[in-house]
Colleague: 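Sharing a structure below in structure tokens format, with a few things to ask.
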Amino acid sequence: MSREIRVRFAPSPTGPLHIGGVRTALYNYLFAKKNQGKFLLRIEDTDQARYVAGAEEYIRESLEWLGITPDESPWNPGNVGPYRQSERKADYMQYALDLVEKGHAYYAFDTSEELEAMRERLTAARVVQPQYNSITRTQMKNSLTLPEDEVKARLASGEPYVIRVKIPRKEEVRFHDQIRGWVMVHTSTLDDKVLMKSDGMPTYHLANIVDDHRMGITHVIRGEEWLPSAPLHVLLYKYFGWEDTMPEFAHLPLLLKPDGNGKLSKRDGDRMGFPVFPLDWKNEETGDSAMGFREQEYLPEALLNFLAFLGWNPGDERELFTKEELVEAFSIERIGKAGAKFDIAKAKWYNEQYLRARSNADLADFVIEAAKKDEVELDSNKAEAIVSLTKERVTFPGEMWTQCRFLVNAPKEFDEQVASKKWNADAVAVLSAYAEKLSKFEGTYDSEVAKTLLGETADELEIKLGKIMQAVRLAVTGVGAGPDLMEIFAILGAGEVANRIQFAIKNLPRPE
RNA sequence: GGUCCGUUCGUCUAGGGGUUAGGACGCAUCCCUUUCACGGAUGAAACACGGGUUCGAUUCCCGUACGGACUACCA
């Protein structure tokens, strides 16, 4: 009988959720759904000093925006709660004490000054790795060196202490990683990590083992930065006697900066002008802020697809996947080992693809909102017209509006470069004749009519249309590039086009 | 420094003892379009290096180089 697949995403609420964390959440989600399992969210808030107000809500909103919804979370608890470690505080000590009793952990009373002194001493003695371990603990103040009654006395007096794991001197720790295969580490390189802090809170190492066990986690899918402490975790499972239900591990490759080396940081985004966080973030207290993919108008389905492909691929040549298709195709075996550079150009391409896949009605709402910020009220007909004019040519929804602003606001100024290059006597001749015709025009002025009429006008003057189209565009829109001109003419209407042409002829310098 | 992990076009990657080393993004050129895009076509572009093993290695093994993560009473 096999257990139900249960995975968790366990961020700590210390600030905005990094995009790498989002990918970790995504992979956990995909793996759970693929295997008809459960995806849980657990808040790792055991560091009270680093707790940032609003961070939890940020995590929740980010996941919601992307549709990576946890089956169980602090806000939607299952029956293995609490889902916030701080709320489980009282339990952890019992587990730590259990380890002390079994001889796998011990009390330590060293002050931070004493710890510092120890490190200095070791460094001076040219010890390569100054750490609290099987050798150095014999010289420190702990329940292994102090007489039993003194330990009791110190404990009774309320003196601050921590509980450390007792790492064996010579032992080989072997564990399997689903991405990297077998990993072997010798305990002589491990140190006696703190399990319980002096404030009564557990460290990550203790808390994550206890919680994963109690929450029935079957697979731990997390970032590569945890790989070095995985041997400790394996040891803890063994000391607790939970080897039978120890989860499988999968350590994900890191997200790297686009240029140079090293992991992707907020600075990289700021430097190169792209977001590194899902949502905008603003901390009123510290004043730090960050821009988000959502506010930069990346579509959630595009971000999701992009992120999924950073370190994973389906093995065939498909690139575009909905969330459901990702679930269907996902497998841990196909996750790569090497870190992936964060290439925003690809993200933009995905955004274009998904933008074009959205319905015009849907996109029209975007356009209406964007116009509102410019204090322009658009009805849905006009907005949809703008959408069909532009959706094939923009990366972000907001650009649909910025590219069409001139529809509402007639140009007062003209692009000088285009004017000096393309504004010529032929163009003026055709345009004034065209405007003349338009002012007398009656009937339906659609893009076909607009085009035919313009063609006829040019023919009569024996001027090639191709030579003057840029100038025509300039006269009516003020710039040299944009959506299909004849469609624009149709939207503007004959009278408005005529007016604009006349304004342009009056205000642009008269060509030779 | 130590431990662990990694290395195929500029980027994301497929592949895997014998291949013209495949795709996508980006880039370039051309076609379509009496404008601008979309689209289509084509092109340039990669197995880090050195040793083995082998008839044959980009693929397996070992080194080297380079890169990364970790090395807290942070997660």
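Throughout, a chain's letter reflects where its sequence line sits, starting with A, and its residues are numbered from 1. Quick note: numbers below take in every heavy atom, side chains included, and nothing from hydrogens, waters or symmetry partners.
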Colleague: Can you check nucleotides 32-37 of chain B for protein contacts, nitrogen or oxygen pairs under 3.5 Å, and list what you find?
Modeller:
unit_1, atom_1, unit_2, atom_2, d
B:rU34, OP1, A:Lys451, NZ, 3.2
B:rU35, O2', A:Gln470, OE1, 2.7
B:rU35, O2, A:Arg473, NE, 3.4
B:rU35, O2, A:Arg473, NH2, 2.2
B:rU35, O4, A:Asp484, OD2, 2.4
B:rC36, O2', A:Arg393, NH2, 2.8
B:rC36, O2, A:Arg393, NH1, 2.3
B:rC36, O2, A:Arg393, NH2, 3.3
B:rC36, O2, A:Gly482, O, 3.1

Colleague: Taking protein heavy atoms under 4.0 Å as touching, what does nucleotides 62-75 of chain B look like 5' to 3' if B marks base contact, S marks sugar-phosphate-only contact and - marks none?
Modeller: -----SSSS--BBB

Colleague: Determine the Euclidean distance between corresponding P atoms of B:rC30 and B:rC70; express it in Å to zero decimal places.
Modeller: 49 Å

Colleague: Going by the glycosidic torsion and a 90 degree boundary from 0, is the base of B:rC70 oriented syn or anti?
Modeller: anti

Colleague: Examine A:Tyr298 together with A:Phe306 and report whether their ring centres are nearer than 6.0 Å.
Modeller: no

Colleague: In whole Å, measure the gap between the P atoms of B:rU53 and B:rU58 for me.
Modeller: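 Approximately 15 Å lies between the P atom of B:rU53 and that of B:rU58.
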
Colleague: Is A:Arg164 paired with A:Asp191 through a side-chain N to carboxylate O contact shorter than 4.0 Å?
Modeller: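 Salt bridge flag = no for A:Arg164 with A:Asp191.
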
Colleague: Produce a footprint string for nucleotides 22-31 of chain B: one letter per nucleotide, 5' end first; B if the base is under 4.0 Å from any protein heavy atom, S if only the sugar-phosphate is, - if neither.
Modeller: SBBS------

Colleague: Need one value for A:Arg334: base, sugar-phosphate or nothing, where a base atom within 4.0 Å counts as base even if backbone is also close, heavy atoms only.
Modeller: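 Result for A:Arg334 = sugar-phosphate.
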
Colleague: Do NZ/NE/NH1/NH2 and the carboxylate oxygens of A:Arg358 and A:Glu301 come within less than 4.0 Å?
Modeller: yes

Colleague: How is A:Met201 classified with respect to the nucleic acid when contacts are heavy atoms under 4.0 Å: base, sugar-phosphate, or nothing?
Modeller: nothing

Colleague: Report yes if the distance between the aromatic ring centroids of A:Phe342 and A:Phe274 is under 6.0 Å, otherwise no.
Modeller: yes

Colleague: Checking side chain to side chain donor-acceptor pair (under 3.5 Å) between A:His251 and each of A:Glu225, A:Arg222, A:Lys337, which is the one that passes?
Modeller: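 The passing option is A:Arg222.
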
Colleague: With a 4.0 Å cutoff (strictly under), does any side-chain N or O of A:Asn313 reach OP1 or OP2 of B:rU13?
Modeller: no

